[in-house]
Amino acid sequence: MSASQETPSDSAHDPWAPLLDAVVAGLVHAATAVGVGLTAATIRDQLNLEGGAEGDIAFPAFRAAQAAGRKPDELAGALAAAFPPTPGIASVTARGAYVNLRADNAELARATLSLVLSRGGAYGEGPKSSVSACVEHTSANPTGPFHIGRVRNAIIGDTLARALRASGVPVTTQYYLDDMGRQAAMITWIWSKPRAEWPESIRRAVDGEETPGEKPDRHRGRPYPAVSAYLKENPEARDEVAALVQALETGHPPERHRALAQEILDGMLASLGRLGIFFDELVWESDFVRSGAVDQVLERLGKSPHAVREENGALAIDTASYGLPKESTHVVVQRGNGTSLYVTRDIAYHLEKFSRFDRVIDVLGQDHRLHARTLEALLAEVGESRRPSFVIYQDITVPEGGRMSTRGGSAVWLDQLLEEAVARARKEVLLRREDLAEADVGRIAEAVAAGAIRYHIVRVAPEKPVVFRWEDALSFEGRSGPFVQYSYARASSVLRKGGADAPPYPFDPALLSHPDEAALVRVLARFPAAVAYAARTAHVHTIAGYAHDLADQFNRFYHAVPVLNSGVERESRIALVAAVRQTLGNALDLLGLERLATM
RNA sequence: GGGCGCGUAGCCUAGCCUGGAUAGGGCACCGGGUUCCUAACCCGGCGGUCGAGGGUUCAAAUCCCUCCGCGCCCGCCA
């Protein structure tokens with residue numbers, strides 16, 4: 001982590017805070033003593049908190065030396081020598097142009113363990129913020145089951161919401177449902193006809209594929225690709241669907257329309273639920289048309305100096321002044337027939353979000369990037385000064401190349417992946433646990449499967465493309481969700497066998513002197529900064545990285561240092577393990593992975 | 001063509017915002033480890049022109065420019 005990621009200043013939340021303050025104060029003092037003017041802000045800005053073999057915190061003296069007209073190596077040596085004795089700082093040494101500062105192991109252990117153990121589930125959380133936020137994510141059209149590509153949105157969004165909450169921000173999550181567009185109309189169009197009247201090609205695509213009792217999203221979504229293909233060839237059917245779209249807009253949807261969307265949605269949400277993803281609010285696009293909000297948007301847009309009225313009555317906005325690509329500056333917001341477009345309704349939706357929340361965050365696939373910029377321009381056009389924050393992620397592609405596509409048949413369904421993952425997890429559980437009841441095997445397998453999938457998707461930075469490979473998605477080893485879960489279970493097991501399942505956890509920090517203990521304490525102490533960084537940058541993949549680092553160091557400690565079989569250190573080591581279990585559990589919560597006490 | 005994003009060992013990936021000391025992990029591969037708290041683990045080894053070139057700087061994976069490759073978008077679709 002770079003210095004900026006960790007700018008702890010609050011000792012109530014971050015065990016590093018007092019030590020950092022002490023380091024800065026000591027360096028200011030030392031600088032003055034050696035005749036160099038350095039402000040606390042300058043020092044804090046240049047500190048390297050990654051440390052290294054020489055210490056926990058490093059101060060590169062290059063810039064300060066240049067400003068003072070001295071040699072970097074010489075200045076570093078002078079600063080180190082002039083650093084005052086400071087409680088909590090064990091050593092200050094110079095190496096090359098760097099001043100290296102090492103925290104006192106016992107003091108850091110004391111500060112960290114007491115903070116973790118006293119805050120418990122709140123360890124990692126920041127101070128409560130008065131700024132509220134809305135995270136809109138997933139928002140997949142209710143036209144069929146989730147494929148893995150869409151699930152990336154849900155996992156990033158859900159994890160971001162969790163990270164923001166932990167950082168102190170009150171968050172509301174929303175799933176924006178398109179029940180207005182062509183896609184939704186296609187579903188209603190086909191299911192409003194009796195099977196016998198379905199076009200031959202559509203019936204053929206579905207017949208024999210269905211399985212009894214299949215989920216509603218699967219069932220209702222089956223004809224979708226065939227319908228899509230059919231419409232390309234049949235203008236009269238296309239007209240029927242267009243008429244449906246118009247009916248939706250004018251407030252006269254067919255009876256079954258909303259019910260069908262809801263039915264499919266229920267199936268989709270059930271799948272997300274297995275990944276621990278739930279929404280605070282479902283927002284239906286059609287509500288903004290019905291409420292008149294869209295009309296109001298159109299009225300305001302019509303008054304814009306950039307408004308252009310076409311001959312056929314369509315309304316467009318010239319967004320050239322907003323720096324959009326020159327081919328995209330003519331944005332139509334109302335069709336010639338008077339109906340609105342997706343972007344228009346989205347303006348109404350965003351105005352509503354801004355009326356309720358301070359921060360509006362949208363998780364979008366990269367194909368929506370231009371839409372996002374258009375949205376920003378149009379929000380300005382209607383007089384909204386605030387802008388959403390966009391979290392843009394790249395597509396998940398298939399090894400053969402290209403995006404996952406329902407129509408192209410390259411989609412891997414979430415349910416399909418879950419099923420396979422559960423089967424493999426079950427096998428792994430049975431391999432090592434013969435003592436478990438069937439219900440426990442099933443429960444663990446489900447949690448491991450969901451954990452593997454969530455972790456596999458969230459571990460990569462959103463701006464990186466991901467190629468879906470079964471063997472990677474189903475990995476339970478190394479940098480994986482199950483590895484973190486396993487480490488949690490291992491810590492739980494130690495505490496259980498030690499008869500130390502619950503507090504209090506008394507400890508003597510001086511006894512935690514083994515190098516692997518010192519290293520473990522340092523990873524624990526990093527957690528609050530890691531949470532704050534993820535929330536601030538929306539780079540939630542860093543939480544996955546942190547969880548792995550902590551699990552990794554715990555396992556090293558576990559192998560190198562006996563806990564229950566130790567002597568005077570036993571009690572203190574149990575406290576350390578309890579702190580690890582707590583922090584690992586908190587990290588698992590952030591990632592939406594289940595805490596497993598045993599596996 | 002224009003805009004945006006990505007390019008780090010055989011494969012996957014962190015670090016890039018805010019430039020600092022031998023570029024962290026994982027998979028695969030090779031060699032070890034279980035009379036001991038869960039081996040979904042641990043220890044050691046192998047493997048790097050950080051896409052290419054130029055620039056800025058005491059210092060560049062990181063900042064700037066050019067180029068190459070890949071992806072996405074450029075609808076009165078969503």
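By convention in this document, chain letters (A, B, ...) are assigned in the order of the sequence lines, proteins followed by strands, and residues within each chain are numbered from 1. The model shown is predicted, which means the values in this text are computed figures rather than measured ones.
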Hits for salt bridge (Lys or Arg N to Asp or Glu O under 4.0 Å) against A:Glu420, two or more places apart or cross-chain, chain-then-number order -> A:Arg424
Checking B:rG5, B:rA21, B:rC72 against the side chain of A:Arg369 (C-beta onward), the nearest is B:rG5
Sequence neighbours excluded, which residues qualify as salt bridge (Lys or Arg N to Asp or Glu O under 4.0 Å) partners of A:Glu428?
A:Arg432
Just jot down the ring pair (Phe, Tyr, Trp, His ring centres under 6.0 Å) partners of A:Phe59, sequence neighbours excluded, or say none.
none
Taking a pair as Watson-Crick or G-U wobble with both distances under 3.5 Å, which nucleotide is matched to B:rG1?
B:rC74
What protein N or O atoms touch nucleotides 27-36 of chain B N or O atoms at under 3.5 angstrom, if any, and at what distances?
residue	atom	partner	partner atom	Å
B:rC36	O2'	A:Asn565	ND2	3.0

Which pairs with one or both residues in residues 59-70 of chain A pass side chain to side chain donor-acceptor pair (under 3.5 Å), sequence neighbours excluded?
A:Arg70-A:Glu74
Applying salt bridge (Lys or Arg N to Asp or Glu O under 4.0 Å), name anything that partners A:Asp395, two or more places apart in sequence or on another chain.
A:Arg403
Could you encode protein contacts along nucleotides 57-70 of chain B as a string, one character per nucleotide from 5' to 3', using B for base contact, S for sugar-phosphate-only contact and - for no contact, with a heavy-atom cut-off of under 4.0 Å?
-B------------
Expected rows: protein N/O vs nucleotides 74-78 of chain B N/O, under 3.5 Å:
residue	atom	partner	partner atom	Å
B:rC74	O2'	A:Glu327	O	3.2
B:rC74	O2'	A:Ser328	OG	3.2
B:rC76	O3'	A:Arg335	NE	3.4
B:rC76	O2	A:Gly336	N	2.9
B:rC76	N3	A:Asn312	ND2	2.8
B:rC76	N4	A:Asn312	OD1	3.0
B:rC76	N4	A:Asn312	ND2	2.7
B:rC77	OP2	A:Arg335	NE	2.7
B:rC77	OP2	A:Arg335	NH2	2.7
B:rA78	OP1	A:Arg335	NH2	3.2
B:rA78	OP1	A:Arg345	NH2	3.3
B:rA78	OP2	A:Tyr342	N	3.1
B:rA78	O3'	A:Asp178	OD1	3.4
B:rA78	O3'	A:Asp178	OD2	2.3
B:rA78	O2'	A:Asn141	ND2	3.2

Over all strands shown, is A:Asp346 touching base, sugar-phosphate only, or nothing at heavy-atom distances under 4.0 angstrom?
nothing
Output all residues satisfying side chain to side chain donor-acceptor pair (under 3.5 Å) with A:Ser405, sequence neighbours left out; order by chain, then residue number.
none
Show every side chain to side chain donor-acceptor pair (under 3.5 Å) that has at least one partner inside residues 553-569 of chain A, sequence neighbours left out.
A:Ser487-A:Asn555, A:Arg490-A:Asn555, A:Asp516-A:Gln553, A:Asp552-A:Arg556, A:Gln553-A:Arg556
Under the side chain to side chain donor-acceptor pair (under 3.5 Å) rule, collect the residues that match up with A:His306, sequence neighbours excluded.
A:Glu381
For A:Asp501, what residues pass the salt bridge (Lys or Arg N to Asp or Glu O under 4.0 Å) criterion, not counting sequence neighbours?
A:Arg581
For B:rC63, give the paired nucleotide (Watson-Crick: N1-N3 plus N6-O4 or O6-N4; G-U: N1-O2 and O6-N3; both under 3.5 Å), or none.
B:rG55
